[in-house]
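Each remark here refers to the structure printed beneath this line.
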Amino acid sequence: MKKFLVVIITLTIAISGHSQDKKAKTLLDQVTAKIKSFDNIVIDFKYSLNNLKENINQESKGNVTLQGNKYVLNFMGATKIFDGRKTYTIVPEDEEVTISNVNENDEKAVTPNKMLTFFNSGYKYTWDIQQNINGRKIQLVKLVPNNTKDQRKEILLGIDTQTKTIYNLIEIGKNGTRTTLTVTSFKTNQPLSKNQFTFVANKYPKYYINKLD
């Protein structure tokens with residue numbers, strides 16, 4: 001009888017876990033579909049990095065404009081432009097522009113346009129807690145990298161259940177480092193300049209141009 005009960009309990013837990021994972025997959029698919037439905041996206045965000053053991057506590061703000069695989073990212077005093085072929089990193093403090101080629105098919109290449117859909121492969125996901133933040137229902141989905149060499153222990157992805165958009169992303173490293181990216185403004189289908197994703201060299205006449213092949 002005891003063995004029978006153990007089997008029933010084990011099956012119940014397994015079925016419940018599968019159901020929770022299915023719910024997580026459904027929600028992530030809805031987020032992906034929603035993101036792909038927009039012509040462009042403009043995001044303001046807050047970023048924090050904390051490691052109590054190393055006494056590190058950093059905070060910063062930034063913004064990014066996305067359209068297809070193109071983007072303009074302003075973060076930590078630098079601007080990064082990707083025009084679909086090359087990446088231009090502009091650092092006013094150093095008066096330098098670095099031009100490099102990016103292989104968009106490289107799965108290891110982390111780019112802003114992938115940050116909204118990175119979870120589609122390479123992770124195991126489970127349904128986590130739901131939070132009420134300023135009247136918004138934020139559902140957390142826990143992502144665990146399949147690659148055991150990944151230095152991230154897990155990622156918590158906060159999703160607004162009403163808009164099906166990402167509210168925050170929390171990365172917890174194996175070394176105790178915790179990084180949090182929180183979306184403070186999310187706008188879509190904005191009127192953009194035709195040169196939005198074009199690097200205009202004559203804007204930086206005194207800058208050192210560093211070309212990486």
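Here the structure is a predicted model, which means the values were calculated and not measured.
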### Query
Thr161 side chain to Lys137 main-chain N or O, any donor-acceptor pair under 3.5 Å?
yes

### Task
Decide yes or no on side chain to side chain contact (heavy atoms under 4.5 Å, CB included) for Val72 and Val64, but give the supporting numbers first.
CA-CA 6 Å; Val72 177; Val64 60; over 6 Å; no

Show every donor-acceptor pair shorter than 3.5 Å between a side-chain atom in residues 185-198 and any protein atom, with sequence neighbours excluded, or say none if there are none.
{"from": "Asn189", "atom 1": "OD1", "to": "Asp39", "atom 2": "N", "distance (Å)": "2.7"}
{"from": "Gln190", "atom 1": "NE2", "to": "Thr188", "atom 2": "O", "distance (Å)": "2.9"}
{"from": "Ser193", "atom 1": "OG", "to": "Asn195", "atom 2": "N", "distance (Å)": "3.1"}

### Message
Regarding Thr126 and Asp21, do their side chains bring together a donor and an acceptor under 3.5 Å, going by distance alone?
### Response
no

### Task
Verify the cluster assignment for Leu169 and Leu73: are they in a single hydrophobic cluster under the rule of side-chain heavy atoms below 4.5 Å apart?
yes

### Query
Do you see a donor-acceptor pair shorter than 3.5 Å between the side chains of Thr165 and Asp160?
no

## Note on the structure
Between Pro92 and Tyr207 the two heavy atoms that sit nearest each other are CA-OH, 3.3 Å

### Query
Is there a side chain to side chain contact (heavy atoms under 4.5 Å, CB included) between Ile129 and Gln131 once you walk through the steps?
CA-CA 7 Å; Ile129 64 170; Gln131 299 176 327; 4.0 Å; yes

### Query
Cluster question for you: counting only ILVMFWY and a side-chain heavy-atom cut-off of under 4.5 Å, with indirect links fine, are Ile35 and Ile155 together?
yes

### Message
Is any side-chain heavy atom of Thr32 closer than 4.5 Å to one of Asn120?
### Response
yes

### Query
Asn63 and Asp44: side-chain donor and acceptor closer than 3.5 Å?
no

### Query
Will you find, in the side chains of Thr65 and Asn40, an N or O donor that is under 3.5 Å from an N or O acceptor?
no

### Task
May I ask you to decide whether Lys25 forms a salt bridge with Asp29, counting only side-chain N to carboxylate O separations under 4.0 Å?
yes

### Message
If the condition is ring pair (Phe, Tyr, Trp, His ring centres under 6.0 Å), which residues does Phe118 pass it with, not counting sequence neighbours?
### Response
Tyr123

### Task
Give a yes or no on whether the backbone of Gly173 and the side-chain of Thr177 come within a donor-acceptor separation of less than 3.5 Å.
no

### Message
Working note: Trp127 + Gln139, criterion side chain to side chain contact (heavy atoms under 4.5 Å, CB included); need CA distance, chi angles, decisive distance, verdict.
### Response
CA-CA 8 Å; Trp127 196 256; Gln139 176 63 51; 3.4 Å; yes

### Summary
Nearest heavy-atom contact between Pro145 and Glu154 is CD-CA, 4.4 Å

### Task
Treating Ile, Leu, Val, Met, Phe, Trp and Tyr as nodes and any side-chain heavy-atom pair under 4.5 angstrom as an edge, say whether Ile41 and Leu181 lie in one connected cluster.
yes

### Query
Would Leu157 and Ile166 satisfy side chain to side chain contact (heavy atoms under 4.5 Å, CB included), going step by step from the backbone distance to the final call?
CA-CA 7 Å; Leu157 192 65; Ile166 296 173; 3.9 Å; yes

### Task
Without swapping roles, check the side chain of Asp94 against the backbone of Glu96 for a donor-acceptor pair under 3.5 Å.
no

### Task
Check the surroundings of atom NZ in Lys174: do more than 12 heavy atoms from other residues, nucleotides or ligands lie under 6.0 Å from it?
yes

### Query
Does Thr179 reach the side chain of Ile170, with side-chain heavy atoms less than 4.5 Å apart?
no

### Message
Just verifying a value: how many Å separate Ser48 OG and Asn57 CG, rounded to the nearest 0.5 Å?
### Response
7.5 Å

### Query
Taking atom NZ of Lys34 as the centre, does the number of heavy atoms from other residues, nucleotides or ligands within less than 6.0 Å exceed 12?
yes

#### Entry: Rounded distance (nearest 0.5 Å) linking atom OG of Ser100 with atom CZ of Phe82
9.0 Å

### Same cluster (ILVMFWY, side-chain, under 4.5 Å), Tyr167 and Leu28
no

#### Entry: Crowding at NZ, Lys80 (>12 non-hydrogen neighbours, <6.0 Å)
no

## Note on the structure
To the nearest 0.5 Å, atom OH of Tyr47 lies from atom OG1 of Thr182 at 11.5 Å

### Message
Applying a strict under-4.5 Å side-chain criterion to I, L, V, M, F, W and Y, I'd like to know whether Ile56 and Phe75 cluster together.
### Response
yes

### Query
Just how far is it from atom CD1 of Ile81 to atom CZ of Phe199, taken to the nearest 0.5 Å?
7.0 Å

#### Entry: Exam field: side chain Glu171 to backbone Thr180, donor-acceptor pair closer than 3.5 Å
no

### Task
Please indicate whether Arg178 has more than 12 foreign heavy atoms, meaning atoms of other residues, nucleotides or ligands, lying under 6.0 Å from its CZ.
no

### Task
Write down the atom of Val91, the atom of Ala78, and the distance for their closest heavy-atom approach.
CG2-CB, 4.2 Å

### Query
Under 4.5 Å between any side-chain heavy atoms of Ile172 and Arg152, yes or no?
no

### Task
Drop me the distance from Met76's CE to Glu93's CD, to the nearest 0.5 angstrom.
12.5 Å

### Task
Working to the nearest 0.5 Å, report the span between CD1 of Ile159 and CZ of Phe119.
6.0 Å

### Message
If you compare all heavy atoms of Val144 against all heavy atoms of Lys153, which two are closest, and at what distance to 0.1 Å?
### Response
CG1-O, 4.0 Å

